[in-house]
Amino acid sequence: MSAAHTAIGLALGSGAARGLAHIGVLKVLEEAAIPISYIAGTSIGAFIGALYAAGVPIQQMEKTLCDLDWRSLTRLLAPTLPTSGLLDGKKVANFMAELLPVQTFEELSIPLAVTATDVESGEALVIHQGSLLKGLHAATAFPGIFTPVPWNGRFLVDGGLCNPIPADVAYSMGAQRVIGVSAIPALTKSHPAKLKKIASLPSKQRRTLRQFFTSSQIENLFHDIWQNNSRQQSSILTEQPAEHPKHRAPGIFKVCARSVAIMENQINDLRLEKEAIDLLIRPCFDGLSLLDFHRAKEAIKAGEVATRQLLPKIRQLLE
């Protein structure tokens, strides 16, 4: 298989602020003249992939996102009543539109597909035609934070919920070799004894646990918690200070973000064990959390470092 006929696909995964590492990956691939024939992206990877596929220069992408005052971007977030999301993502979608020079998938210079999740059925969807902005809006609608995006009778949220690194999508587009980029740190396997103990429960007890942790039971549980919190708001204000006042409970945005990140970590590792990706780039992040958008330079640098280390193997994919 010659370099001229090897179709390289890029699967850019989720990871919130860590996903800005995708810019560093693209920067090194471009410098090394590695041709990209297809891009599949989810969540932040869908957005970065769209910018690149639309022909936005890497240098411009890097400068724009590094120069942004991320802390002041809260003006883009329009609070909503807590129904299906805390924030309306339309202003964020408009922000993305300002950075994109094209409006449809068909106008892109590199074929792009983005993934989203049907929040009601749990089905993973692939969007690759029509309105680019609407597709990105759906692919990046972080569940619990942004309201779901209506789409042909469905309600869609972040694609990373089902497929954190859409390598299978890149293959289905026609890629012969796929480079996956994971901005989600590998899980630390801890407490194996406890896990073994749970796994060794009698089958009757395991069934009882499965019956309790159904989607409806969990939904009812959170509904009860929400109602209870609403009733106790006034009493909370008069409570005695916590024993450790400096150790505050995380805010609701961080709780939602971290909860989804934990799920994505689990899903990501399971899929990586099962699926075949020709090459996986997994940058190392030094204490950079998924909400540290103000540390864009560090995230991009992490992507550069990880990709340069793997350049010899990347070049082998072209042989």
Side-chain angles (χ1 to χ4, degrees), residues 7-70 72-73 76 89-116 127-141 158-160 166 169-170 173 175 179-181 183 281 283 293-304 306-308 314:
I8 299 293
L10 202 56
L12 302 179
S14 55
R18 297 183 185 118
L20 296 174
H22 297 322
I23 298 174
V25 173
L26 289 166
K27 183 178 182 180
V28 174
L29 292 178
E30 191 171 270
E31 289 174 354
I34 305 296
I36 304 300
S37 300
Y38 303 96
I39 299 176
T42 191
S43 193
I44 184 71
F47 175 49
I48 300 299
L51 291 175
Y52 189 71
V56 177
I58 292 290
Q59 293 76 13
Q60 179 183 332
M61 205 184 303
E62 184 176 10
K63 186 177 189 311
T64 299
L65 295 176
C66 284
D67 290 349
L68 272 178
D69 181 3
W70 291 98
S72 71
L73 285 184
L76 297 176
K90 290 180 181 177
K91 289 187 177 181
V92 176
N94 292 337
F95 164 72
M96 290 192 290
E98 293 178 3
L99 301 180
L100 288 165
V102 301
Q103 296 183 345
T104 67
F105 282 88
E106 290 76 10
E107 295 175 85
L108 297 171
S109 56
I110 300 174
L112 170 75
V114 303
T115 66
I127 303 170
H128 59 88
Q129 58 187 8
S131 170
L132 178 60
L133 183 60
K134 191 173 181 181
L136 290 176
H137 190 184
T140 58
D158 196 313
V169 177
M173 294 172 74
I179 300 170
V181 184
I281 299 175
F293 285 99
H294 60 287
R295 297 172 63 183
K297 289 183 180 179
E298 295 175 55
I300 294 171
K301 186 65 176 178
E304 287 185 52
T307 308
R308 291 191 197 284
I314 293 172

### Task
With sequence neighbours excluded, tell me which residues meet side-chain contact (heavy atoms from CB on, under 4.5 Å) with Ala138.
Ala116, Ile127, Val149, Leu156
### Message
I want to check something: taking the side chain as every heavy atom from C-beta on, are Asp158 and Thr140 in contact at a cut-off of under 4.5 Å?
### Response
no
### Summary
Nearest heavy-atom approach of Val102 to Ala54 is CG2-CB, 4.0 Å
### Task
Would you check, one step at a time, whether the test side-chain contact (heavy atoms from CB on, under 4.5 Å) holds for Val169 with Val114?
CA-CA 9 Å; Val169 177; Val114 303; over 6 Å; no
### Query
Residues two or more places apart in sequence or in another chain: which of them pass side chain to side chain donor-acceptor pair (under 3.5 Å) with Glu107?
Thr104
### Message
Glu31: which residues meet the salt bridge (charged side-chain N to carboxylate O under 4.0 Å, His left out) condition with it, sequence neighbours left out?
### Response
Arg308
### Query
Who pairs with Ala11 by side-chain contact (heavy atoms from CB on, under 4.5 Å), at least two apart in sequence or on another chain?
Ile165, Pro166, Ala167, Val178
### Query
What closest approach, in Å, do Pro283 and Ala302 show between heavy atoms, and which atom pair accounts for it?
CB-O, 3.6 Å
### Task
Would you please test Val56 and Leu100 for side-chain contact (heavy atoms from CB on, under 4.5 Å) and show each step?
CA-CA 8 Å; Val56 177; Leu100 288 165; 5.5 Å; no
### Task
Just jot down the side chain to side chain donor-acceptor pair (under 3.5 Å) partners of Thr115, sequence neighbours excluded, or say none.
Thr42
### Task
Could I get the full list of side-chain contact (heavy atoms from CB on, under 4.5 Å) partners for Glu62, not counting sequence neighbours?
Ile23, Lys27, Cys66, Ile300, Glu304
### Query
With a 4.5 Å heavy-atom cut-off, do Leu65 and Ile48 have their side chains touching?
yes
### Task
Determine whether Tyr38 and Leu10 make a side-chain contact, defined as any pair of heavy atoms from C-beta on separated by less than 4.5 Å.
no
### Message
Ignoring hydrogens, what is the shortest heavy-atom contact between Ser14 and Ala183? Give both atom names and the distance.
### Response
O-CB, 3.5 Å
### Query
More than 12 foreign heavy atoms under 6.0 Å from CD of Gln103: is that the case here?
no
### Task
With sequence neighbours excluded, tell me which residues meet side-chain contact (heavy atoms from CB on, under 4.5 Å) with Ala53.
Ile39, Leu108, Ile110, Leu112
### Qualifying side-chain hydrogen bond (donor to acceptor under 3.5 Å, both in side chains) pairs with a residue from residues 48-61, counting only residues at least two apart or across chains
Glu30-Tyr52
#### Entry: Between CZ on residue Phe47 and CE on residue Met61, distance to nearest 0.5 Å
8.5 Å
### Task
Measure the CD1-OG1 distance between Ile179 and Thr307 for me, rounded to the nearest 0.5 Å.
8.5 Å
### Query
Are His128 and Pro111 close enough that some pair of their side-chain heavy atoms sits under 4.5 Å apart?
no
### Where Ala170 and Ala40 come nearest, the two heavy atoms and their spacing
N-CB, 3.8 Å
### Task
For Lys134, look at atom NZ and say whether over 12 heavy atoms of other residues, nucleotides or ligands are found less than 6.0 Å away.
yes
### Task
Please name all residues satisfying side chain to side chain donor-acceptor pair (under 3.5 Å) with Lys63, sequence neighbours left out, ordered by chain then number.
Asp67
### Message
Please find the pair of heavy atoms, one from Ala306 and one from Ile281, that lie closest to each other, and give the distance.
### Response
CB-CG2, 3.9 Å
